[in-house]
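Worksheet: the structure to be examined is printed underneath.
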Number of protein chains: 2
Amino acid sequence: MRDFSRSLPMSLLRAREAVMRQFRPSLREHGLTEQQWRILRALAAIEAVEVTELARTAFLLGPSLSRILRDLEARNLIERRIAKADQRRSMVSISKEGVKLMASVAPNSEAIYAEITRRFGARKLAELQDMLGALEQSLAGLGTGEEASAEE
Amino acid sequence: MRDFSRSLPMSLLRAREAVMRQFRPSLREHGLTEQQWRILRALAAIEAVEVTELARTAFLLGPSLSRILRDLEARNLIERRIAKADQRRSMVSISKEGVKLMASVAPNSEAIYAEITRRFGARKLAELQDMLGALEQSLAGLGTGEEASAEE
DNA sequence: AAGAAATACTTAACAAGTTAAGTGAATGCG
DNA sequence: CGCATTCACTTAACTTGTTAAGTATTTCTT
């Protein structure tokens, strides 16, 4: 069996950890986890979203998102209101306080991202992202019962 | 602020999830989590290791590893004995039962890896892994107080 | 040799990942 | 209309990630 430390999952895990390690301390100083930060960023770009759609953009599973939204709401960083047309749906948006918090974190965060880009190289970074996207694409639909080889 | 869904951390996260999603169901059938599987694989390649060294190879933090080893030991998949030279250290090894379990999981796991490789392309895969390794390297030591620009 | 510092873990506490089950509201369809 | 089904989300239960604190053992220092 192939040396597992050289397997694709491990390479991806280590690379991501190397990146995230740069951001976590700064986020932590502001009392935010990586996931909470993802949610705020996703919300900042938009007026209001449904929870399911937010889960998709922030790449979180429903149960995780449920918990985090509960906490962010308790901290007054986000707001929720039930959609009038469909009582099942709730629309989430970032609060004024949330925007303020983002503003206080963003500069540092941007600086770190810039430094990573500088170290690795902007061109290589773009190339890497392309490959990661291609990998995702090539695996889309695998294991969902539609991975037929060619004959269907 | 850049569209966060196109940020490097998100790209890495999505790519890794796309890969891991292929493996999880098979592991689950055998009652193993991704992390437990990593540990077994790390142990299979070696006689016995210290916990700290195992944490390094399986890329797990100490506390996670402590818990998982406790559980794997209770399931008789690994064995532990205290190093005679240094009572603080304990040597971990895979048990006979652990080897058996690995043997029952490995074929499926290999097949999945092969399919991923086939879909994405072996050459591209190798290229991607190189880039991931380079990214890791370029970030090594950043944020540890030794990231001086050039003057030291 | 004795106390201080470092080392190798383990425990604790809280946040998040993962799967399954639950709840209430809308839809489909007879 | 009535009722099963689907949908949007939440809860639950268990495992892991993350940081801090704790414990025992060894090494360093003098």
Side-chain angles (χ1 to χ4, degrees), chain A residues 9 13-14 16-40 48-56 58-75 77-78 80-92, chain B residues 9 13-14 16-40 48-56 58-75 77-78 80-92:
Chain A
L13 182 58
R14 278 195 304 256
R16 184 170 142 85
E17 177 53 26
V19 173
M20 285 316 301
R21 183 180 1 199
Q22 313 305 323
F23 292 99
R24 264 191 287 268
S26 160
L27 291 176
R28 187 152 220 286
E29 277 177 21
H30 295 273
L32 288 175
T33 65
E34 176 195 335
Q35 293 81 355
Q36 293 167 350
W37 178 238
R38 288 218 299 271
I39 291 174
L40 292 184
V49 250
E50 294 172 17
V51 172
T52 303
E53 169 68 6
L54 182 55
R56 218 185 47 73
F59 209 69
L60 291 167
L61 294 177
S64 292
L65 184 53
S66 252
R67 276 178 311 216
I68 300 176
L69 288 180
R70 165 171 46 71
D71 298 349
L72 292 179
E73 192 173 21
R75 288 165 68 185
L77 296 175
I78 65 160
R80 254 199 282 209
R81 57 183 175 69
I82 294 174
K84 35 197 176 314
D86 186 339
Q87 306 267 89
R88 290 171 306 182
R89 296 172 151 82
S90 70
M91 304 301 289
V92 185
Chain B
L13 181 58
R14 277 195 305 256
R16 184 169 142 87
E17 177 54 26
V19 172
M20 285 317 300
R21 184 182 357 205
Q22 313 305 321
F23 292 100
R24 264 191 288 267
S26 159
L27 290 176
R28 187 152 221 286
E29 277 176 22
H30 295 273
L32 288 175
T33 65
E34 175 196 336
Q35 293 82 355
Q36 293 166 350
W37 178 238
R38 287 218 300 272
I39 291 173
L40 291 185
V49 249
E50 295 173 15
V51 172
T52 302
E53 169 68 5
L54 181 55
R56 217 185 48 74
F59 208 69
L60 291 167
L61 293 177
S64 292
L65 185 53
S66 251
R67 278 179 309 216
I68 301 175
L69 289 179
R70 164 170 47 71
D71 299 349
L72 292 179
E73 191 173 22
R75 289 165 67 185
L77 296 174
I78 65 159
R80 253 197 284 209
R81 57 182 175 69
I82 295 174
K84 35 197 175 315
D86 185 341
Q87 305 266 91
R88 291 170 305 181
R89 295 172 150 83
S90 70
M91 305 300 289
V92 184

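Predicted, not measured: the structure shown is a model, and the values here were computed from it. In the text below, chain A, chain B and the rest are named by the order of the sequence lines, each starting its count at 1.
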What residues, two or more places apart in sequence or in another chain, satisfy side chain to side chain donor-acceptor pair (under 3.5 Å) together with [X]?
{"X": "B/Arg56", "result": "B/Glu53"}
{"X": "B/Glu17", "result": "B/Arg24"}
{"X": "B/Arg21", "result": "none"}
{"X": "B/Arg70", "result": "none"}

How many whole angstroms separate atom [atom1] of [X] from atom [atom2] of [N]?
{"X": "A/Lys84", "N": "D/dA8", "atom1": "NZ", "atom2": "P", "value": "17 Å"}
{"X": "A/Ile68", "N": "D/dC9", "atom1": "CD1", "atom2": "P", "value": "15 Å"}
{"X": "B/Arg14", "N": "C/dG17", "atom1": "CZ", "atom2": "P", "value": "15 Å"}
{"X": "B/Arg81", "N": "C/dA8", "atom1": "CZ", "atom2": "P", "value": "17 Å"}
{"X": "B/Glu50", "N": "C/dT7", "atom1": "CD", "atom2": "C1'", "value": "11 Å"}
{"X": "B/Phe59", "N": "D/dT18", "atom1": "CZ", "atom2": "C1'", "value": "13 Å"}
{"X": "B/Leu32", "N": "D/dC14", "atom1": "CG", "atom2": "C1'", "value": "15 Å"}
{"X": "B/Gln35", "N": "D/dG17", "atom1": "CD", "atom2": "C1'", "value": "9 Å"}

* To do: Return yes if some donor-acceptor pair links the side-chain N/O of B/Arg38 with the main-chain N/O of B/Phe59 below 3.5 Å, else return no.
  =>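 Yes, the answer is positive, given that a donor and an acceptor are paired below the 3.5 Å cut-off.
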
* Asked: What nucleic acid atoms does A/Arg21 come within less than 4.0 Å of, heavy atoms only: base, sugar-phosphate, or nothing?
  -> nothing

* To do: Give one of base, sugar-phosphate or nothing for B/Leu65, where a contact means two heavy atoms less than 4.0 Å apart.
  =>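 Counting heavy atoms under 4.0 Å across all strands, no contact is made by B/Leu65.
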
* Asked: With sequence neighbours excluded, what pairs up with B/Arg89 under the salt bridge (Lys or Arg N to Asp or Glu O under 4.0 Å) test?
  ->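 Listed in chain order: B/Glu50, B/Asp86.
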
So, is [X] close to the [N] phosphate, meaning a side-chain N or O under 4.0 Å from OP1 or OP2?
{"X": "B/Ser66", "N": "C/dT11", "result": "no"}
{"X": "B/Arg38", "N": "D/dT15", "result": "no"}
{"X": "A/Thr52", "N": "D/dA8", "result": "no"}

* To do: Would you indicate whether the side-chain heavy atoms of A/Arg75 and A/Gln36 approach each other to under 4.5 Å?
  => yes

Detail all sub-3.5 Å separations between protein N/O atoms and N/O atoms belonging to nucleotides 18-25 of chain C.
{"unit_1": "C/dT18", "atom_1": "OP1", "unit_2": "B/Arg24", "atom_2": "NH1", "d": "3.0"}
{"unit_1": "C/dT18", "atom_1": "OP1", "unit_2": "B/Arg24", "atom_2": "NH2", "d": "3.4"}

* Please tell me which of A/Leu60 and B/Arg89 maps to the more 5' nucleotide of DNA chain C, matching each residue to the nucleotide holding its nearest heavy atom. => B/Arg89

